[in-house]
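Taking it in order: structure first as structure tokens, then the write-up.
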Amino acid sequence: MDIGSFVPGEMAEKTSFEAIALRYMKEVLPKMRGKPQGEYLIRRLIEVFGKYKISSMTAAMLSSYRDDRLAHVSAQTVVHELGMISRILKAAQLDWGIVIPGGHPVSQVRKPKVESARTRRLEPGEEPLLLRALDECSSKFIKPAFQLAIETAARQSEILSMSWEDVDLDRRVVRLRGPGGGVTKSGEAFRDVPLTLGAVQVLKGLEKPAGGRGRVLALTQSTLLQAWPRAVKRARRQYLLEKLESVLKDVHGLNDSDAQREIRRLVSKSGPTLPLTLKEWDRLEREDKKLDDLRFHDLRHEATSRLADKLEMHELMKVTGHKTSAMLSRYYHPRAEALALKLD
């Protein structure tokens with residue numbers, strides 16, 4: 001104590017992780033973006049660590065948790081969870097004066113290696129298949145959400161927050177904002193984005209409410225996140241069925257009526273199906289990857305790569321909202337054959 005090296009740990013010994021996690025959720029989280037996801041993550045961490053006092057949360061405990069979680073979830077998920085624990089403990093230290101005698105435990109834990117960033121783009125033929133499947137969605141706004149995503153490179157939250165007051169079709173400009181009209185993920189109050197002719201056509205096809213105010217898409221995030229994977233799955237299944245019919249006719253010599261009967265039986269399970277039909281269906285599902293593993297966020301990769309052929313890098317960054325070229329490069333995935341044509 002005389003030399004100032006004594007660290008009092010009474011508060012850390014008395015305070016539970018649940019107490020500081022709930023305080024963080026009440027005082028800090030509302031000021032940040034992604035509040036709903038943050039609340040979900042914190043409540044999950046409280047289920048695991050809530051009963052422990054801060055002083056008893058060691059690097060060894062967190063390392064064991066990391067290893068157990070990696071057996072069930074992705075490395076990226078574990079990194080997010082450790083990051084949230086770190087932010088909660090930092091707030092306790094820096095803002096609420098709770099000293100952790102053993103030091104910040106998360107800083108002593110090795111983070112799992114995250115796989116390389118996704119490079120998924122729309123492959124040739126996938127867009128028309130998706131458009132056809134999106135026409136069958138119960139909400140009429142799922143399809144324009146898809147179209148606006150690949151025309152503007154906007155984030156999902158920015159598309160869902162788009163309002164008619166911020167759309168200027170004469171100037172071909174839309175002002176994008178974050179969730180609920182707040183700041184964007186990049187921390188900007190808004191971002192003005194030019195509209196392609198395709199985006200203008202989509203917006204003109206939507207019914208504007210009386211007074212010209214309100215959201216462009218009457219769509220919630222949960223509705224979009226539920227409808228999108230179903231539409232992709234529907235588009236893939238329809239594509240595989242059409243390809244199966246072609247294989248049955250061209251490879252196995254079935255006539256049109258027999259091939260169509262096989263497809264009907266396979267879909268409805270209403271009668272005996274030829275073994276060769278089942279065999280070919282299993283093969284197509286296993287080998288043909290069209291429309292496989294396609295997320296809504298991949299559309300931002302697609303749009304950025306398309307716009308990169310038309311805009312300079314500094315112009316593209318203004319459109320996408322990226323602050324650095326390094327961040328932009330994670331979303332720009334040119335096809336090698338397209339680069340080859342530029343060499344001619």
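Computed from a predicted structure; not experimentally measured.
- The side chain to side chain contact (heavy atoms under 4.5 Å, CB included) test applied to D250 returns S246, not counting sequence neighbours.
- Applying the side chain to side chain contact (heavy atoms under 4.5 Å, CB included) test to L70 and every residue at least two apart in sequence or in another chain returns R66, A75, V78, P112.
- Between D168 and R175, none of the side-chain N atoms (NZ, or NE/NH1/NH2) sits under 4.0 Å from a carboxylate O, so this pair counts as no salt bridge.
- A salt bridge links E302 with R306; the closest basic N to acidic carboxylate O contact falls under 4.0 Å.
- Note on residues 16-26: pairs passing side chain to side chain donor-acceptor pair (under 3.5 Å), not counting sequence neighbours, are R23-E27.
- Here L244 contributes atom CG and D288 contributes atom CG; the two are 11.5 Å apart, rounded to the nearest 0.5 Å.
- Remark: the backbone N or O of E285 is paired with a side-chain donor or acceptor of R236 at under 3.5 angstrom.
- Between K318 and E312, none of the side-chain N atoms (NZ, or NE/NH1/NH2) sits under 4.0 Å from a carboxylate O, so this pair counts as no salt bridge.
- In this structure a side-chain-to-backbone donor-acceptor pair under 3.5 Å is missing from R215 to S161.
- Note that the CG atom of L62 and the CG atom of L89 stand 8.0 Å from one another [nearest 0.5 Å].
- Looking at L45 and F17, their side chains come closer than 4.5 Å, going by heavy atoms from C-beta outward.
- Rounded to the nearest 0.5 angstrom, I150 CD1 and T304 OG1 are separated by 12.0 Å.
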(Q) Using the rule given for side chain to side chain donor-acceptor pair (under 3.5 Å), can you reason through E151 versus Q147, listing the C-alpha separation, both sets of side-chain angles and the distance that settles it, and then say yes or no? (A) CA-CA 6 Å; E151 293 291 342; Q147 293 170 308; over 6 Å; no
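- Rounded to the nearest 0.5 Å, atoms OG (S305) and CZ (R121) are 4.0 Å apart.
- In this view, D95 satisfies the salt bridge (Lys or Arg N to Asp or Glu O under 4.0 Å) rule with no residue, not counting sequence neighbours.
- Two residues are said to be in side-chain contact when any heavy atoms from C-beta on lie closer than 4.5 Å; V232 and F296 fail this criterion.
- Put simply, the side chain of E262 gets close to the backbone of L274: a donor and an acceptor are under 3.5 Å apart.
- With hydrogens and angles disregarded, no donor-acceptor distance shorter than 3.5 Å links the side chain of T77 to the backbone of V73.
- In terms of hydrophobic clustering, with Ile, Leu, Val, Met, Phe, Trp and Tyr side chains grouped at heavy-atom distances under 4.5 Å, V247 and L266 are assigned to different clusters.
- Ring centroid separation for the pair H322 and Y332 does not come in under the 6.0 Å cut-off.
- Take D68 and apply the side chain to side chain contact (heavy atoms under 4.5 Å, CB included) test, not counting sequence neighbours, and it matches S64.
- One hydrophobic cluster, built from ILVMFWY side chains closer than 4.5 Å, cannot hold both L225 and L134; they sit in different ones.
- Hydrophobic clustering (side-chain heavy atoms under 4.5 Å, transitive across Ile, Leu, Val, Met, Phe, Trp, Tyr) groups V48 together with V109.
- To the nearest 0.5 Å, the span separating CG on L217 from OG1 on T223 amounts to 12.0 Å.
- D166 places no side-chain N or O within 3.5 Å of a backbone atom of S163 that could act as its donor or acceptor partner.
- Criterion: ILVMFWY side-chain heavy atoms under 4.5 Å apart, direct or through other members. Under it, L294 and I159 are part of a common hydrophobic cluster.
- Ion pairing between E165 and K208 fails under the 4.0 Å rule for side-chain N and carboxylate O.
- Salt-bridge formation is not detected for the pair R132/D135: no Lys NZ or Arg NE/NH1/NH2 atom is positioned less than 4.0 Å from an Asp or Glu carboxylate oxygen.
- H301 and H333 have parallel rings, their planes meeting at less than 30° on a 0 to 90° scale where 60° marks the start of perpendicular.
- Scanning for salt bridge (Lys or Arg N to Asp or Glu O under 4.0 Å) contacts around R120 gives E126, with sequence neighbours left out.
- The existence of a salt bridge linking R191 and E158 is confirmed by a sub-4.0 Å separation between a basic side-chain nitrogen and an acidic carboxylate oxygen.
- Atom-to-atom distance recorded for L129:CG and L291:CG is 5.5 Å, nearest 0.5 angstrom.
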Q.
Walk me through whether D282 and K279 qualify under salt bridge (Lys or Arg N to Asp or Glu O under 4.0 Å).
A. CA-CA 5 Å; D282 291 340; K279 179 181 177 181; over 6 Å; no
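- F190 and M317 fall into different hydrophobic clusters, where Ile, Leu, Val, Met, Phe, Trp and Tyr are joined by side-chain heavy atoms under 4.5 Å apart, directly or via other members.
- Between K249 and E245, at least one side-chain nitrogen of the basic residue sits less than 4.0 Å from a carboxylate oxygen of the acidic one, meeting the salt-bridge criterion.
- Under the 30°/60° scheme for interplanar angles, the aromatic rings of W228 and F146 are found to lie parallel.
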